[in-house]
Amino acid sequence: MKIVFKRGKWFVAFSEAVLVCDINQVDNKFIVSFDANGKRISLHTRNLDETFRVLEGIYDRNSCARHY
């Protein structure tokens, strides 16, 4: 996974997918928003590292499933 901050957006690259995220902090929580499958997804989290590890697992698992 690679994470780059560019022009006010967070680009999170997994093996075969790139999420373009907005990350906002409200009190001690983060709101991670991105588009997926034509919908806007918003995740509320206290731990960005763990959230991106879970997303990486989901996207990697789904990309493997598409190859079979």
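This structure is a prediction, so every number in the text was calculated from the model and none was measured. In this chain, residues are counted from 1 in sequence order.
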OG1-CZ distance between Thr51 and Arg46, expressed to the nearest 0.5 angstrom: 11.5 Å
Single-linkage hydrophobic cluster Met1~Phe5, side-chain heavy atoms < 4.5 angstrom: yes
Verify same cluster id: Ile31, Val54 (apolar side-chain graph, 4.5 Å): no
Atom pair CD1 (Ile23) and CD1 (Ile3), whose distance is rounded to the nearest 0.5 Å: 7.0 Å
Side-chain (Asn47) to main-chain (Asp49) donor-acceptor, under 3.5 angstrom: yes
Shared hydrophobic cluster for Ile41 and Val12 (ILVMFWY, side-chain gaps under 4.5 Å): yes
Pairwise distance CD(Glu50) to CG(Leu55) - rounded to 0.5 angstrom: 10.0 Å
Side-chain donor or acceptor of Glu56 paired with backbone N/O of Ile58 under 3.5 Å: no
Inter- and intrachain pairs under ring pair (Phe, Tyr, Trp, His ring centres under 6.0 Å), touching residues 20-56, at least two apart: none
Which residues share a side chain to side chain contact (heavy atoms under 4.5 Å, CB included) with Lys9, sequence neighbours left out: Phe11, Val20, Asp22
Straight-line distance of Ser33 OG to Leu19 CG, nearest 0.5 Å: 11.5 Å
Residues in ring pair (Phe, Tyr, Trp, His ring centres under 6.0 Å) contact with Phe14, at least two apart in sequence or another chain: Tyr59
